[in-house]
Amino acid sequence: MGRLAQDELHTDEHAQDLPKNLVQPLVHIMTSWQTKSGSRQVHAGWYAGACLLVLALVGALLYGSGAFGSGGGEESLDRACGGSLAQGGLSEALHASDFRAEEEGDGDYLAACRVRTQESGPQGSSLELKLRWSTAKAPAATLTWYNADYDGVREQAAPLGHGWSGVLRYAGGTYQVMAALDCVNQKDKALVAYGDLLGTSNSTTLTGLGRVTTETAEKAAEKDGCQVKAGERLSGLSAARLGASGTAKPLARAQGSCAALRGTDAAAAGTPEVMEYPADPDAPQTNCYLVTKAKKPGYGLYAYYGAAAKDFLASEGDQMEKGYGPTHGDRDYAWATATCPHSAQRSVSVLYHLHDRDTDTYPVPHYSASFARDALRAFADHEAKQRGCTGVRLSA
């Protein structure tokens, strides 16, 4: 019995995780039971009880060390995403205080990890993070979400604000924060982070998601020698999205991302109203929607900068250069580029003739190429002025 217990202690796959100052006394006790058994009769009941006590102690130590059960607790958080996981906003994002983290192990990224609450089932939430350098190969379209700009307001992105280069996006029931932090000491390089929230979405959880994503990006960048311009601590992110009732307003009242369109013939083109977000010169993406009297988005205008512009172009392949639009090989769009500070990647501004998925129609039945160019020119020039860009050039 003593030999069996000793062998089990030595061969247990988790014994190496126990502190030596605890393992050695246990081995000594069990060995002494074996050597003394020949010289003194040991009561069988007492012996069995002592063995159970030892095994209980071993089990408790294994559980506390994270060898099973909890997944490592705080230690797993400290190791997550290559040791760069920022934990300040986790409680807000996941509406919990007990977490475990695991690496996603995707070689395409600088780091990738997932943080879960200890609850399972429908009550459990998780947060997924992926980090990459802008100089790496372009990510999949399922991550960048640039493949539906033509489909109503699906590609809308709300600026994070507070001085951060990032946006909040929504698709298929999932909110995502994307942040692109330029390296001020390494031109044409940025740390790009994507944070997806799987669970309850409200202002509190989205603010937490924003904090975790931006602060992790900052930590990972500086860990690798990339000095970034960080914003202030995020607060008050909203779950509100364009397209809902009441989000459209008359063009004359545009003050944010659609302000440049006030002087255009948008009303005559069938879109007398707008849906817009606040203007933010730090955001890597800007969007504005021109809306019909029926409150349907007819034209969508987008601007992409730095890493976002590079990823957008990669998602389009050679479609735009060949003069093909994103739907049915048509030409119902216009695009422009400009030279902007801090990046060799030219910014990209695009106007799309929008399709309405609900009715499978175009809210503006007839696309006007002349209006599209005038509207895009006004939008791109305004954006360039806001950001210090120059050399706005419309495609032929």
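When reading the values below, keep in mind they use all heavy atoms of this one structure, side chains included, and skip hydrogens, waters and symmetry mates. Worth saying up front: this structure is predicted, and the values here are computed from it rather than measured.
Looking at Asn185, its side chain does come within 3.5 Å of a backbone N or O of Gly225 through a donor-acceptor pair. A donor-acceptor contact shorter than 3.5 Å links the side chain of Ser165 to the backbone of Asp282. Put simply, the side chain of Thr271 never gets that close to the backbone of Leu290: no donor and acceptor are under 3.5 Å apart. Judged purely by atom type and a 3.5 angstrom limit, Ser257 has no side-chain atom pairing as donor or acceptor with the backbone of Ala279. Using modelled atom types, no side-chain atom of Thr337 and backbone atom of Ser347 make a donor-acceptor pair closer than 3.5 Å. Between the side chain of Ser126 and the backbone N or O of Arg116, no donor-acceptor pair lies under 3.5 Å. Glu276 places a side-chain N or O within donor-acceptor distance of the main-chain N or O of Cys258, the cut-off being under 3.5 Å. Proximity of a side-chain donor or acceptor of Trp164 to a complementary backbone N or O of Glu232 within less than 3.5 Å is detected. Side-chain atoms of Thr216 come within 3.5 Å of backbone atoms of Ala86 as a donor-acceptor pair (strictly under, hydrogens ignored). The main-chain N or O of Val177 is never found under 3.5 Å from a side-chain atom of Arg169 such that the two would form a donor-acceptor pair.
Annotation for Val274 and Pro250: closest pair CG2-O, 4.2 Å, computed over non-hydrogen atoms. Nearest heavy-atom pair across Arg100 and Leu77 is C-CD2, 4.5 Å. Nearest heavy atoms, Pro284 versus Met178: CG-CE, 3.8 Å. Nearest heavy-atom pair, Ala157 versus Val167, reported as atom, atom and distance to 0.1 Å: CB-CB, 3.8 Å. Counting all heavy atoms, side chain and backbone alike, Gly306 lies closest to Ser343 at CA-OG, 3.9 Å. For the residue pair Thr247 and Gly243, the shortest heavy atom distance occurs at OG1-N, 3.1 Å.
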Could you go through Leu301 and Ser349, starting from their C-alpha distance and side-chain angles, then the distance that decides it, and tell me whether this counts as side chain to side chain contact (heavy atoms under 4.5 Å, CB included)? CA-CA 7 Å; Leu301 294 105; Ser349 297; over 6 Å; no
Dump the intermediate steps for side chain to side chain contact (heavy atoms under 4.5 Å, CB included) on Asp224 and Leu191, then the final yes or no. CA-CA 10 Å; Asp224 277 23; Leu191 193 289; over 6 Å; no
With side-chain hydrogen bond (donor to acceptor under 3.5 Å, both in side chains) as the criterion, how do Arg377 and Thr264 come out once you've worked through the C-alpha distance, each side chain's angles and the decisive distance to 0.1 Å? CA-CA 10 Å; Arg377 167 63 77 177; Thr264 66; over 6 Å; no
Apply side chain to side chain contact (heavy atoms under 4.5 Å, CB included) to the pair Thr286 and Arg387, showing each step before the final yes or no. CA-CA 12 Å; Thr286 301; Arg387 296 171 181 260; 3.2 Å; yes
Are Tyr175 and Arg241 close enough, and set up right, to give a side-chain hydrogen bond (donor to acceptor under 3.5 Å, both in side chains), and what steps lead you there? CA-CA 11 Å; Tyr175 276 94; Arg241 303 192 305 278; 3.1 Å; yes
Side chain to side chain contact (heavy atoms under 4.5 Å, CB included) for Val212 and Leu85? Distances and angles first, verdict last. CA-CA 7 Å; Val212 173; Leu85 176 66; 4.0 Å; yes
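To the nearest 0.5 Å, atoms CZ (Arg132) and NZ (Lys137) are separated by 10.5 Å. Atom-to-atom distance recorded for Gln227:CD and Cys183:SG is 9.0 Å, nearest 0.5 angstrom. Distance check, rounded to the nearest 0.5 Å: OG1 of Thr292 to CD of Glu273 gives 8.0 Å. Going from atom OG of Ser84 over to atom CD of Glu222 covers 10.5 Å, rounded to the nearest 0.5 Å. Between Cys288 atom SG and Leu242 atom CG the span is 9.5 Å, to the nearest 0.5 Å. A distance of 13.0 Å separates CH2 in Trp335 from OH in Tyr304, rounded to the nearest 0.5 Å.
Under the 4.5 Å side-chain contact rule for hydrophobic residues, Tyr352 and Tyr305 do not share a cluster. At a threshold of 4.5 Å between side-chain heavy atoms, the hydrophobic network of Ile, Leu, Val, Met, Phe, Trp and Tyr places Leu237 and Leu127 in one connected group. Both Leu234 and Tyr170 are assigned to one and the same hydrophobic cluster, defined by single-linkage of ILVMFWY side chains at heavy-atom distances under 4.5 Å. Both Tyr277 and Tyr302 belong to a common hydrophobic cluster when Ile, Leu, Val, Met, Phe, Trp and Tyr are linked at side-chain heavy-atom distances under 4.5 angstrom. The same ILVMFWY cluster, assembled from side-chain heavy atoms under 4.5 Å apart, contains both Leu129 and Leu181.
Between Tyr367 and Tyr333, the distance separating the two ring centers is not shorter than 6.0 angstrom.
With contacts defined as side-chain heavy-atom distances shorter than 4.5 Å, the pair Leu198/Glu128 qualifies. At least one side-chain heavy atom of Tyr289 sits under 4.5 Å from a side-chain heavy atom of Gln156. In this structure the side chain of Met275 never reaches within 4.5 angstrom of the side chain of Lys249, judged on heavy atoms. Counting only heavy atoms from C-beta outward, the side chains of Asp360 and His355 approach each other to under 4.5 Å. When side chains are defined from C-beta on, Arg373 does not count as touching Leu351, because their heavy atoms never get closer than 4.5 Å. Within the 4.5 Å cutoff, side-chain heavy atoms of Val115 are placed close to those of Leu90. Tyr299 has its side chain within reach of Val364: a pair of non-hydrogen atoms, C-beta onward, lies under 4.5 Å apart. Side-chain contact check for Pro297 versus Leu354: some heavy-atom pair is nearer than 4.5 Å.
In the model, Gln176 has a side-chain atom that pairs as donor or acceptor with a side-chain atom of Asp196 under 3.5 Å.
Every residue two or more places apart in sequence or in another chain that forms a side-chain hydrogen bond (donor to acceptor under 3.5 Å, both in side chains) with Ser235 is listed here: His162. Taking the side-chain hydrogen bond (donor to acceptor under 3.5 Å, both in side chains) definition, one finds that Arg357 meets it with Asp151, sequence neighbours left out.
Shown here is Lys187, whose NZ atom has more than 12 heavy atoms of other residues, nucleotides or ligands within 6.0 Å. Shown here is Asn202, whose CG atom has more than 12 heavy atoms of other residues, nucleotides or ligands within 6.0 Å.
Ring geometry for Tyr362 against His353 counts as parallel: the plane angle stays under 30°, on a 0 to 90° scale with 60° as the upper cut.
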